[in-house]
Amino acid sequence: MARALGLLLLPLAVLLARAAEEEVRIEVLHVPEQCGPRSKKGDLLNAHYDGYLASDGSRFYCSRTQNEGHPKWFVLGVGQVIKGLDIAMMNMCPGEKRKVTIPPSLAYGQQGYAQGKIPPNATLIFEIELYAVNKGPRSVEAFNQIDKDKDKKLSQLEISEYLKEEFARDGKKRHPSVHDEILTDIFKKNDHDGDGFISAREYNVYQHDEL
């Protein structure tokens, strides 16, 4: 009986150990006195971050050296960045800084990322500074705001105009290519039937069911 119980508990112990290894470790370095709004899934974020290999501390990525030094724009929680960053940047406020450690399973896994000089099974460390949290194209409020003709689907023109308004609102100068890159990426990841629109159903793939 004891042997049988031990055999049953062993897989559980292995699973728990793996779960612990697969967690994103977050160290908050700075939080501004006025914190809000905090980031959530579907928000459009503007941030700088540096990426390092945990094994030797070498830097493999710096957003400040990309795109003429402009902070990176992306929608949180929908796969535009690695899963570990989607997790690590939840519930942040503008002006907050974090240092996060991401296990291979939530980064580039066994394959690594040769183009980014990331070896297989690499644990990654990111230093993040968040500048802006805007309602992204995947929030319910934003969907209704973008959907000017109220036909429950978003055209490229509707989303393009929304992005222009959001960029103008934060007042930061950025290269026009940033707008085009985000627009292309949004449709690549959401227009599943390729009809040139993002329907309410396609939008709901990201767990918004209010529409």
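Just so it is clear, the values below take in all heavy atoms, side chains as well, and ignore hydrogens, waters and symmetry mates.
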Side chain to side chain contact (heavy atoms under 4.5 Å, CB included) between Q145 and E165, worked out: CA-CA 11 Å; Q145 179 183 344; E165 291 172 3; 4.1 Å; yes
F187-V75 co-clustered via ILVMFWY side chain contacts under 4.5 Å: yes
Approximate separation, where rounding is to 0.5 Å, of R38 CZ and L130 CG: 10.5 Å
Residue pair L76 / M90, side-chain heavy-atom distance below 4.5 Å: yes
Under 3.5 Å donor-acceptor, H48 side chain and G69 backbone: yes
Heavy-atom closest contact (A107 atom, A122 atom, distance): CB-O, 4.5 Å
Closest contact, heavy atoms only, A47 versus S63: O-OG, 4.4 Å
Side chain to side chain contact (heavy atoms under 4.5 Å, CB included) between K72 and L45, worked out: CA-CA 8 Å; K72 184 176 178 64; L45 304 189; over 6 Å; no
Sub-4.5 Å side-chain heavy-atom contact between D43 and N134: no
Carboxylate-amine/guanidinium contact E181 K188, below 4.0 Å: no
Closest non-hydrogen atom pair, Q110 against P120: O-CB, 3.0 Å
Flag, side chain of R98 to backbone of A88, donor-acceptor distance under 3.5 Å: yes
Ring centres under 6.0 angstrom apart (Y49, Y61): yes
Test: K117 cationic atom under 6.0 Å from F60 six-membered ring centre, within 45° of axis: no
Expected output: side-chain T101 to main-chain I125 donor-acceptor under 3.5 Å: no
Salt bridge flag under 4.0 Å for residues K83 and D86: no
E158 side chain vs S155 backbone, donor-acceptor pair below 3.5 Å: yes
Rounded distance (nearest 0.5 Å) linking atom NZ of K189 with atom OG1 of T184: 10.5 Å
T123 side chain vs P103 backbone, donor-acceptor pair below 3.5 Å: no
Any I186 side-chain heavy atom under 4.5 Å of Q80 side chain: yes
Side chain to side chain contact (heavy atoms under 4.5 Å, CB included) assessment of W73 paired with V178: CA-CA 8 Å; W73 283 95; V178 175; 3.8 Å; yes
Nearest non-hydrogen partners of E96 and N91, listed with the distance: OE1-O, 4.2 Å
S160 backbone acceptor or donor facing H179 side chain under 3.5 Å: yes
Heavy-atom closest contact (M89 atom, F74 atom, distance): SD-CZ, 3.5 Å
Candidate pair Y113 and L124, rule side chain to side chain contact (heavy atoms under 4.5 Å, CB included), full reasoning: CA-CA 12 Å; Y113 182 46; L124 308 180; over 6 Å; no
Over all atoms of both residues, closest heavy-atom pair of C93 and V31: SG-CG1, 4.0 Å
Flag, side chain of D191 to backbone of G196, donor-acceptor distance under 3.5 Å: yes
Separation between CG of D50 and CZ of R64, rounded to the nearest 0.5 Å: 5.5 Å
Test item: L85 and I87 side chains (from C-beta on) under 4.5 Å apart, heavy atoms: no
Path from Y52 to I118 over hydrophobic side-chain contacts below 4.5 Å: no
Interatomic spacing from CG in L44 to CD1 in I182 - rounded to 0.5 Å: 5.5 Å
Under-4.0 Å salt bridge between R25 and E23: no
CG-CG distance between L154 and D151, expressed to the nearest 0.5 angstrom: 8.0 Å
Single-linkage hydrophobic cluster, 4.5 Å side-chain cutoff, F197 and I159 together: no
V100-V81 co-clustered via ILVMFWY side chain contacts under 4.5 Å: yes
Between NZ on residue K152 and CD1 on residue I198, distance to nearest 0.5 Å: 15.0 Å
